[in-house]
Amino acid sequence: MASKILFDKGKVIAGIVIFLALLTFPFIYNLGKAAPAPEPELTPKAKAAKVCVRDTEYMNKEHMQLLDVWRDTSVREGKRIYVSPNGTAYEMSLSNTCLDCHSNKAEFCDRCHNYASVDPYCWDCHIDNPKEAQ
Amino acid sequence: MNVNYMFSLVAVLVLILLAYAGAGAAGFTTFFGVFIPYLALVIFIGGFVSRVMDWARSPVPYRIPTTAGQQKTLPWISYSYTDNPSSNAGVVLRMILEVLLFRSLFRNTTVEVKDQKLIYRLEKWLWLFALAFHYSFLTVVIRHLRFFLEPTPFFIVWLEKLDGFLQLGLPGIFLSGFVLLAATLLLLARRIFSPKMNYISLASDYFPLILIIAIAATGLLMRYVAKIDVTAAKELTLGLATFRLAVPEGISGLFYIHLFLVCVLLIYFPFSKLMHLGGIFMSPTRNLANNSRAVRHVNPWNYPVDVHTYEEYEDEFREKMVEAGLPVEKGA
């Protein structure tokens with residue numbers, strides 16, 4: 001049966017304090033900070049175009065997969081035309097197709113990427129929307 | 001077939017269905033996204049602290065030298081500094097080895113009879129799976145802080161870089177998630193397919209394993225297969241951490257299953273064997289120096305006995321003793 005005395009009081013309390021500090025770290029770190037979910041901003045050109053290569057819900061969740069497939073098919077197989085399910089053909093190019101409308105990387109790409117702590121290496125080569133030499 | 005793992009499997013499946021039906025189909029997203037997580041956190045913290053306090057109130061009167069090394073004795077006999085420590089520094093080293101590298105599991109042996117001879121062999125598989133499981137789980141938990149902190153601090157970004165250094169696929173694979181799933185599956189397979197392990201395994205052994213497998217599987221599904229809206233998910237989780245509650249639309253049922261299973265794990269934690277997280281620090285066989293020969297340890301619950309000495313006894317009954325003719329030490 002447990003007694004009323006707390007043995008090794010100092011060490012036990014210290015351990016519990018560390019445990020609580022680790023668990024409440026997110027609450028303390030965020031204290032007083034409002035961090036609303038980011039809204040990606042569309043450029044006038046993107047707004048005017050109305051449709052992307054696929055619908056918004058698909059692009060929201062799968063754009064990275066799409067870009068990965070685009071990279072592999074264009075770089076490794078040399079095919080550069082993507083036909084979307086609605087029949088429109090697009091050039092498979094991050095710089096020429098995607099960044100043509102979404103030329104505002106900071107307001108469009110980075111907002112969500114930073115929020116979700118995602119650091120894609122697309123920009124290692126495709127630095128801020130330079131047009132590729134045709 | 002074994003009732004213990006079937007029971008655990010069914011329990012986890014019921015929990016999954018509960019979250020899927022409740023949050024996914026019936027739309028009780030606030031209940032599953034806000035109420036249950038807070039409840040789980042409160043039960044986890046309260047239960048954890050009370051278990052630790054309960055242990056701290058249990059007296060450990062003597063050192064328990066269940067050690068695997070030579071005790072410190074005569075100066076010309078070399079002794080094991082970390083496996084049988086006689087000083088606090090040695091104990092700290094032993095605890096570090098135990099907590100970070102699972103020293104005790106590394107000592108695991110197995111017995112078999114070969115050619116009518118009893119053979120003991122070192123058995124490292126459990127140690128390896130356990131180490132892989134615990135470290136990948138730790139990595140996964142720390143990585144998940146990105147959903148609870150804004151802006152994401154540097155150490156999480158570093159950890160993500162390290163974890164995803166293979167740069168395979170998009171979204172880039174994180175090794176820890178796959179190692180976590182593989183290690184828990186191996187630990188489960190060990191309990192199911194090894195007859196000896198199967199014989200001693202209970203539902204309380206299978207349930208946490210199957211629960212963690214389900215958590216890892218739903219997590220991997222959300223990241224690589226049936227992708228969810230990460231921004232919306234972070235809006236919810238960050239809302240929990242900032243007390244600015246938000247339950248955005250359009251988070252899939254899979255997310256709520258994942259979240260609910262994690263909450264169940266947190267609620268279950270303080271009442272289960274998983275409490276070895278706190279218990280390892282409270283283990284008397286690990287955290288006490290074996291110095292019984294050098295230091296006298298007094299049992300703290302020794303009852304204060306009222307001693308009635310013979311002299312006092314004789315003083316009390318001397319006259320009656322003399323009357324009865326009994327011999328007395330002091331004359332009447």
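When reading the values below, keep in mind they use all heavy atoms of this one structure, side chains included, and skip hydrogens, waters and symmetry mates. In what follows, every chain begins at residue 1, and chains take the letters A, B, ... in the order their sequences are listed.
For chain A, the nearby parts of B:Leu149 are the backbone and the side chain; heavy atoms of each come within less than 4.5 Å. Heavy-atom distances place both the backbone and the side chain of B:Glu150 under 4.5 Å from chain A. If you measure heavy-atom distances from B:Leu41 to chain A, the contacts under 4.5 Å come from the side chain alone. Residue contact with chain A, scored on non-hydrogen atoms closer than 4.5 Å, is absent for B:Phe147. At a 4.5 Å heavy-atom cutoff, the contact between A:Asn114 and chain B is made by backbone atoms alone. In this structure, no portion of B:Phe281 lies under 4.5 Å from any heavy atom of chain A. With a 4.5 Å cut-off on non-hydrogen atoms, A:Leu31 does not touch chain B at all. For chain B, no part of A:Asp8 is nearby; none of its heavy atoms comes within less than 4.5 Å. Interface remark: B:Pro248 contributes no atoms to any contact with chain A (heavy atom separation under 4.5 Å). At a 4.5 Å heavy-atom cutoff, the contact between A:Tyr115 and chain B is made by backbone and side-chain atoms alike.
When all heavy atoms are compared, the tightest approach of A:Phe7 to B:Arg57 is CE1-O, 3.5 Å. Considering every non-hydrogen atom in both A:Glu62 and B:Lys227, the closest pair reads OE1-NZ, 2.8 Å.
Aromatic ring pairs are classed by plane angle as parallel below 30°, tilted from 30° to 60° and perpendicular above 60°; the pair A:Phe25 and B:Phe155 is tilted.
Of the listed residues A:Leu67, A:Ile13, A:Asn30, the one with more heavy-atom pairs under 4.5 angstrom with chain B than any other is A:Asn30. Per-residue heavy-atom pair counts under 4.5 Å with chain A were compared for B:Gly172, B:Pro153, B:Gly164, B:Gly239, and the maximum is reached by B:Pro153. In terms of non-hydrogen atom pairs under 4.5 Å with chain A, the most contact-rich of B:Phe48, B:Phe148, B:Trp55 is B:Phe48. Chain A forms the most heavy-atom pairs under 4.5 Å with one residue out of B:Asp229, B:Val52, B:Val230, and that residue is B:Asp229.
Taking 4.5 Å as the limit, some side-chain heavy atom of B:Thr231 sits within range of a side-chain heavy atom of A:Pro38. Within the 4.5 Å cutoff, the side chain of A:Val118 has no heavy atoms near those of the B:Glu160 side chain. Side-chain contact between B:Val49 and A:Phe19: present, with at least one pair of heavy atoms (C-beta onward) separated by less than 4.5 Å. Contact of the A:Asp119 side chain with the B:Lys161 side chain is registered, since non-hydrogen atoms from C-beta on lie closer than 4.5 Å.
Atom CD of A:Glu77 has more than 12 heavy atoms from other residues, nucleotides or ligands within 6.0 Å. Counting non-hydrogen atoms of neighbouring residues, nucleotides and ligands closer than 6.0 angstrom, the NZ atom of A:Lys11 reaches no more than 12 such neighbours.
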Checklist entry - When you look at A:Leu23 and B:Phe44, which way does the side chain to side chain contact (heavy atoms under 4.5 Å, CB included) test go after all the steps? => result CA-CA 10 Å; A:Leu23 274 183; B:Phe44 176 68; 3.5 Å; yes
